[in-house]
Amino acid sequence: MTEANPDRAEMHAELAQSLLGMGMLDEALKAVTQACELAPQQYRYQLARADLLLRTSRIDEALKVRRALIDLIPNPQQQRRAIDTLDRK
């Protein structure tokens with residue numbers, strides 16, 4: 001799928017979701033990281049990456065992504081929720 005469209009962040013994000021559904025966390029993380037690199041302003045991809053980092057016990061990296069993510073979120077209420085999740089980690 002991503003071979004046909006290597007520069008489409010959405011394809012990498014969809015692949016990450018599929019891999020996650022199969023329990024392939026490391027592969028999902030690679031796919032969502034590629035989506036983040038292709039579309040760095042897409043906060044949903046960054047959020048998915050932070051969640052996968054947490055699931056793979058890479059907590060420091062996840063917190064770093066979450067902190068950077070807060071500035072990308074356009075909605076103040078969503079920003080507050082993101083900050084609240086940082087406080088609980």
*Asks:* Start with the C-alpha distance between His12 and Leu38, add both sets of side-chain angles, then the distance that settles side-chain contact (heavy atoms from CB on, under 4.5 Å), and finish with yes or no.
*Replies:* CA-CA 9 Å; His12 290 281; Leu38 292 169; 3.5 Å; yes
*Asks:* Find the distance between CZ (Arg58) and CZ (Arg49) and round it off to the nearest 0.5 Å.
*Replies:* 7.5 Å
*Asks:* How many angstroms lie between CG in Leu53 and CD in Glu61, if you round to the nearest 0.5 Å?
*Replies:* 5.5 Å
*Asks:* If two hydrophobic side chains count as joined below 4.5 Å and joins carry through other members, does Leu25 share a cluster with Met22?
*Replies:* no
*Asks:* What pairs with Glu27 under side-chain hydrogen bond (donor to acceptor under 3.5 Å, both in side chains), at least two apart in sequence or on another chain?
*Replies:* none
*Asks:* If you compare all heavy atoms of Ala35 against all heavy atoms of Ala9, which two are closest, and at what distance to 0.1 Å?
*Replies:* CB-O, 3.4 Å
*Asks:* Listing request: all side-chain hydrogen bond (donor to acceptor under 3.5 Å, both in side chains) pairs with a residue in residues 35-46, at least two apart in sequence or in separate chains.
*Replies:* Tyr43-Gln78
*Asks:* Is there a side-chain contact (heavy atoms from CB on, under 4.5 Å) between Asp51 and Arg66? Walk through the geometry before answering.
*Replies:* CA-CA 9 Å; Asp51 289 341; Arg66 281 282 179 120; 2.7 Å; yes
*Asks:* Might you point out which heavy atoms bring Ala28 and Leu20 nearest each other, and give the distance in Å?
*Replies:* CB-N, 3.8 Å
*Asks:* Rounded to the nearest 0.5 Å, what separation is found between the CZ atom of Arg55 and the CG atom of Leu29?
*Replies:* 11.5 Å
*Asks:* How long is the gap from CG on Asp26 to CG on Leu52, to the nearest 0.5 Å?
*Replies:* 9.5 Å
*Asks:* Return the set of residues passing side chain to side chain contact (heavy atoms under 4.5 Å, CB included) with Gln77 (not counting sequence neighbours), or none when no residue passes.
*Replies:* Asn75, Arg81
